[in-house]
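One-based numbering, in listed order, for ligands and for the atoms of each. Please read all numbers here as calculations on a predicted model, not as lab measurements.
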Amino acid sequence: MPRERLRLGGNARLLVLTGAGVSAESGIPTFRAAGGLWESHPIEKVASPEGFREDPERVWRFYSERRRKARACEPNPGHRALVAAEERLQHRFLLATQNVDGLHRRAGSRRLVEIHGNLFQSRCAHCDRAPFDDERTYEGEALPLCDACEAAGRMGLLRPHIVWFGELLDPAHLQRIDAFMQGNERLVFLAVGTSGSVYPAAGFVSAARRMGAETWLVNAEPPDNVGLFEHFVEGPSGQVLPELLPLG
Ligand code: BV8
């Protein structure tokens with residue numbers, strides 16, 4: 001049965017929020033599904049500043065494992081459908097992702113806000129040097145140190161450039177998303193592959209509704225916040241998005 005297609009004629013804008021589900025068909029485990037990432041790693045121990053202070057080796061093993069996994073995976077048709085929609089809509093399109101796996105960028109997305117950071121960047125946990133691209137995996141060997149700190153005669157540990165629980169998102173990212181939601185043209189908000197359990201991202205649909213947006217959710221099953229969306233399309237995003245989104 002042909003699925004409904006998003007209507008994006010005229011000046012309609014499309015704001016998309018993706019979560020771990022959009023990368024599931026690429027082979028990247030989601031967080032909360034059975035056997036998901038958080039089951040084998042207690043969240044507060046590996047994705048929080050406290051956990052990093054307590055055991056940086058454990059945190060670096062966790063993120064090294066995820067760097068290796070993400071590097072071996074490829075974008076899927078869901079990622080590519082979002083690139084095609086961006087090419088067609090241009091300034092009327094923005095993609096906010098909770099994912100840190102880098103697959104949207106590798107698929108070709110550019111109007112992209114990685115609100116929880118990126119697995120393939122590191123920064124110093126102690127000085128304010130800018131985050132830098134870093135594909136290295138650290139396990140067994142000594143922990144990675146900041147060479148700028150070393151040159152200044154102090155010890156600075158590197159950390160993944162990721163927003164951990166209890167840490168603030170980049171205000172510039174939130175401002176860009178908020179600015180995109182303003183405006184008089186019709187706004188369509190589409191969430192894909194997210195359980196809607198982590199804030200502030202989980203609050204975006206309510207903000208979009210307040211702006212009068214038409215709200216859509218594509219998810220493998222109805223999450224707890226499914227009632228916040230006017231339209232719910234159940235299914236794997238790699239199959240649903242190419243049918244739902246406008247062609248490039
Ligand atoms: C903040 C980086 C202000 C890590 C992530 C107590 C103390 C401190 C904070 C809080 C607190 N209580 C609440 C908070 C706020 C907290 C929060 O929301 N906690 C939750 C657990 C209640 N938020 C924060 O801390 C944020 N910062 O609020 O700062 C502040 C500061 C101090 C005190 C108060 C407030 C920072 C949040 C960012 C955390 N970092 N990621 C990393 O990735 O390693 S979040 C992490 O979970 C991921 O990034 C991911 O985005 C996120 C949510 O998960 P989902 O993406 O939705 O994935 P999930 O597995 O849950 O769902 C996947 C869905 O896909 C499922 O529904 C499944 O059915 C579906 N699916 C599966 N396959 C498919 C599919 N769908 C379609 N197709 C498929 N094929």
For [X], the ligand 1 atoms whose distance to one of its heavy atoms is below 4.0 Å:
{"X": "Ile162", "answer": "2 (C), 4 (C)"}
{"X": "Ala20", "answer": "55 (P), 56 (O), 58 (O)"}
{"X": "Glu167", "answer": "1 (C), 26 (C), 27 (N), 29 (O), 36 (C)"}
{"X": "Gly193", "answer": "63 (C), 64 (C), 65 (O), 76 (N)"}
{"X": "Tyr63", "answer": "4 (C), 42 (C), 44 (O)"}
{"X": "Gly19", "answer": "56 (O)"}
{"X": "Glu25", "answer": "78 (N), 79 (C), 80 (N)"}
{"X": "Thr194", "answer": "55 (P), 57 (O), 64 (C), 65 (O), 67 (O)"}

Side chains of [X] and [Y], heavy atoms from C-beta outward: is any pair under 4.5 Å?
{"X": "Cys127", "Y": "Cys146", "value": "yes"}
{"X": "Val226", "Y": "Leu217", "value": "yes"}
{"X": "Leu14", "Y": "Leu6", "value": "yes"}
{"X": "Leu190", "Y": "Leu244", "value": "yes"}
{"X": "Thr194", "Y": "Gln98", "value": "yes"}
{"X": "Met181", "Y": "Leu187", "value": "yes"}

Would you please indicate if the ring centroids of Trp164 and Phe52 are separated by under 6.0 Å?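 Yes, they do, as the ring centres are separated by less than 6.0 Å.
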Among [options], which one puts a heavy atom closest to [atom]?
{"atom": "atom 26 (C) of ligand 1", "options": "Phe62, Tyr199, Trp164", "result": "Tyr199"}
{"atom": "atom 42 (C) of ligand 1", "options": "His116, Arg66, Glu221, Glu234", "result": "Arg66"}
{"atom": "atom 78 (N) of ligand 1", "options": "Gly166, Gly238, Ser237", "result": "Ser237"}
{"atom": "atom 39 (C) of ligand 1", "options": "Val240, Thr30, Val163, Ile43", "result": "Val163"}

Could an N or O of ligand 1 be found under 3.5 Å from any N or O of [X], whether backbone or side chain?
{"X": "Asn99", "answer": "no"}
{"X": "Val218", "answer": "no"}
{"X": "Val198", "answer": "no"}
{"X": "Ala47", "answer": "no"}
{"X": "Asn219", "answer": "yes"}
{"X": "Phe31", "answer": "yes"}
{"X": "Ala220", "answer": "yes"}

Passing candidate, side-chain contact (heavy atoms from CB on, under 4.5 Å) with His116, options Asn99, Ile162, Thr97, Val198: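 Exactly one candidate clears the test, Val198.
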Parallel, tilted or perpendicular: which fits the ring planes of His104 and His79, with parallel below 30° and perpendicular above 60°?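 Rings of His104 and His79: perpendicular, as their planes differ by over 60°.
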Taking the cut-offs as 6.0 angstrom to the six-membered ring centre and 45 degrees off its axis, would you call Arg67 and Trp60 a cation-pi pair?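 Arg67 over Trp60 ring: no.
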Please check if atom CZ in Arg7 has more than 12 non-hydrogen atoms from other residues, nucleotides or ligands closer than 6.0 Å.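 No - once you tally the heavy atoms of other residues, nucleotides and ligands closer than 6.0 Å, there are 12 at most.
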Begin from the C-alpha positions of Arg106 and Glu74 and carry the test salt bridge (charged side-chain N to carboxylate O under 4.0 Å, His left out) through to its verdict. CA-CA 8 Å; Arg106 278 176 50 200; Glu74 293 300 326; 3.3 Å; yes
Closer than 4.0 angstrom: is that true for some heavy atom of Gly235 and an atom of ligand 1?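 Judged by the 4.0 Å heavy-atom criterion, Gly235 does count as contacting ligand 1.
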